[in-house]
Amino acid sequence: MDLQGDILSATTLVPTMPPDFSHLRVAILGAGKMGGILLQAFLKSKILEADQLVATVQHEEKALALSAQWGVEVTNNNVAAVRGADLVLLGVKPFQIADVVRQIAPALRDDVLVISFAASVRTSAIEDASGKQLAVVRAMPNTPSTLGAGIAALCRGRYATADQLLLATTLFDTIGRTVNVDEKHMDAVTGLSASGPAFIYIILESLAEAGVKVGLPRDIATLLAAQTTFGSAKMVLETGYHPALLKDAVTTPAGCTIDGILELEEGGLRVTLIKAVMRATQRAKELASS
Ligand SMILES: NC(=O)c1ccc[n+]([C@@H]2O[C@H](COP(=O)([O-])OP(=O)(O)OC[C@H]3O[C@@H](n4cnc5c(N)ncnc54)[C@H](OP(=O)(O)O)[C@@H]3O)[C@@H](O)[C@H]2O)c1
């Protein structure tokens, strides 16, 4: 296997023209942790300018503080925020989505595209709450979107066109990668890639602790653990090789890595991670109604 040759050819990137979103007016309802990450990431990637955006939160004092921090209009008036908007992003908690949609429905333009990134909430629930044939795209992003390293899965509801799904996908492409999936897979995506950063941080933190245990200074141990996690993920993404093949390339017969792998297998790391994603997926199925 010529790992090096394949890696080099796989990393040759073809430059693409940035998409033009300059004519769009965008409202983000519920600019909390995830909504705030998306808003700031869209600004940072220059896909949207501050004067194209309006955001809402629940509390007035929070709106004032965020407005000053981001240089974007932030209010607590959802209805005013969506008036005239081409795109409305829904980022309130899953149990609040239907109420917010009922509240804003009369003020929505007929040709608006609503993108919900709430876990668990089906596109049909949003369409039904609106009482009209609303174009809805459901997206599930994750927090590494902050650095343009996120991944979002997207699917469309009954009334969204393929072009509208493409528009939403292109928007999320600017802050990482995207995949289009059937809606039946969205809870699984939530359990894997939306919850996933938390699982990876625990692995990374444990590797750093391990470094400290074997005598490394904490800052160096953390850097080694983080760059190793990053580099390994990059290898999978850019070579396209199965992770097992890449693992085998690290594992010298009778060397040290195989001894470490034996400990991982005895400790049940694989099964534990599989169960963690299964549990998170199960919980994602329940969130909208709790
Ligand atoms: N966190 C993640 O990693 C992640 C990943 C993917 C998807 N999501 C989804 O993102 C959504 C938000 O999660 P989060 O973690 O960002 O929670 P969060 O930080 O609590 O954000 C929720 C935001 O909604 C605002 N809000 C509450 N009621 C509102 C209303 N009636 N109108 C307008 N804004 C209102 C809150 O305002 P105040 O700040 O004033 O209280 C808050 O800013 C959820 O549906 C979640 O499933 C989260």
Is the number of heavy atoms from other residues, nucleotides or ligands within 6.0 Å of [atom1] ([X]) greater than 12?
{"X": "Arg158", "atom1": "CZ", "result": "yes"}
{"X": "Asp219", "atom1": "CG", "result": "yes"}
{"X": "Lys132", "atom1": "NZ", "result": "yes"}
{"X": "Glu60", "atom1": "CD", "result": "no"}
{"X": "Lys275", "atom1": "NZ", "result": "no"}

Any heavy-atom pair between the side chains of [Y] and [X] that's under 4.5 Å?
{"X": "Val112", "Y": "Val82", "result": "no"}
{"X": "Leu147", "Y": "Lys44", "result": "yes"}
{"X": "Phe199", "Y": "Leu192", "result": "no"}
{"X": "Arg156", "Y": "Gln164", "result": "no"}
{"X": "Val74", "Y": "Val54", "result": "no"}

| field | Any residue meeting side-chain contact (heavy atoms from CB on, under 4.5 Å) with Asn180, in chain and number order, not counting sequence neighbours | value |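 side-chain contact (heavy atoms from CB on, under 4.5 Å) check on Asn180 returns Leu154, Leu165, Thr169.
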Path from [X] to [Y] over hydrophobic side-chain contacts below 4.5 Å:
{"X": "Met140", "Y": "Leu171", "result": "no"}
{"X": "Ile115", "Y": "Leu53", "result": "yes"}
{"X": "Leu245", "Y": "Met235", "result": "yes"}
{"X": "Val92", "Y": "Leu89", "result": "no"}
{"X": "Val121", "Y": "Ile104", "result": "yes"}

Checklist entry - Between Ile203 and Leu273, does a side-chain contact (heavy atoms from CB on, under 4.5 Å) hold up when you go through it step by step? => result CA-CA 10 Å; Ile203 292 173; Leu273 285 172; 4.0 Å; yes
Check: When rounded to the nearest 0.5 angstrom, what distance separates CD1 in Ile47 from OG1 in Thr170?
Finding: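 Reported to 0.5 Å precision, the distance equals 8.0 Å.
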Could you tell me whether a side-chain N or O of [X] sits under 3.5 Å from a main-chain N or O of [Y], the two making a donor and an acceptor?
{"X": "Thr251", "Y": "Ile258", "answer": "no"}
{"X": "Gln227", "Y": "Leu224", "answer": "no"}
{"X": "His242", "Y": "Ala244", "answer": "yes"}
{"X": "Asn76", "Y": "Val57", "answer": "no"}
{"X": "Ser120", "Y": "Ala284", "answer": "yes"}
{"X": "Asp182", "Y": "Lys184", "answer": "no"}

Problem - Derivation and outcome, side-chain contact (heavy atoms from CB on, under 4.5 Å), residues Val137 and Val114 - result: CA-CA 6 Å; Val137 165; Val114 170; over 6 Å; no
Q. Does any pair with a residue in residues 190-199 pass side-chain hydrogen bond (donor to acceptor under 3.5 Å, both in side chains), and if so which ones, sequence neighbours excluded?
A.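 Found none.
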Between the side chains of Asp187 and Arg138, is the shortest nitrogen-to-carboxylate-oxygen separation below 4.0 Å, so that they form an ion pair?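 Judged by the 4.0 Å cut-off on N to carboxylate O distance, Arg138 and Asp187 do form a salt bridge.
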- prompt: Any ion pair linking Glu209 and Arg218 (charged N to carboxylate O, less than 4.0 Å)?
  reply: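 A salt bridge is present here (some side-chain N lies under 4.0 Å from a carboxylate O).
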Quiz item: Going through the distances and angles, do Thr228 and Ser232 end up as a side-chain contact (heavy atoms from CB on, under 4.5 Å)?
Solution: CA-CA 6 Å; Thr228 301; Ser232 307; 4.2 Å; yes
Can you list the steps and then say if Thr161 with Asp163 is a side-chain hydrogen bond (donor to acceptor under 3.5 Å, both in side chains)?
CA-CA 5 Å; Thr161 64; Asp163 279 351; 5.3 Å; no
- Message: Name the residue from Gln52, His23, Arg109 that meets the side chain to side chain donor-acceptor pair (under 3.5 Å) definition with Asp86.
- Response: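 The passing option is Arg109.
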Decide yes or no on side-chain contact (heavy atoms from CB on, under 4.5 Å) for Gln282 and Met278, but give the supporting numbers first. CA-CA 6 Å; Gln282 185 53 40; Met278 285 171 63; over 6 Å; no
Asp20 and Ser22: side-chain donor and acceptor closer than 3.5 Å?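 Result is yes, a qualifying pair exists.
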Side chains of residues 29-43: which donor-acceptor partners sit under 3.5 Å, not counting sequence neighbours?
from: Gln40; atom 1: OE1; to: Trp70; atom 2: NE1; distance (Å): 3.4
from: Gln40; atom 1: NE2; to: Gly36; atom 2: O; distance (Å): 3.2

Next item on the list: Would you please test Thr123 and Glu183 for side-chain hydrogen bond (donor to acceptor under 3.5 Å, both in side chains) and show each step?
Entry: CA-CA 8 Å; Thr123 52; Glu183 184 154 16; 2.6 Å; yes
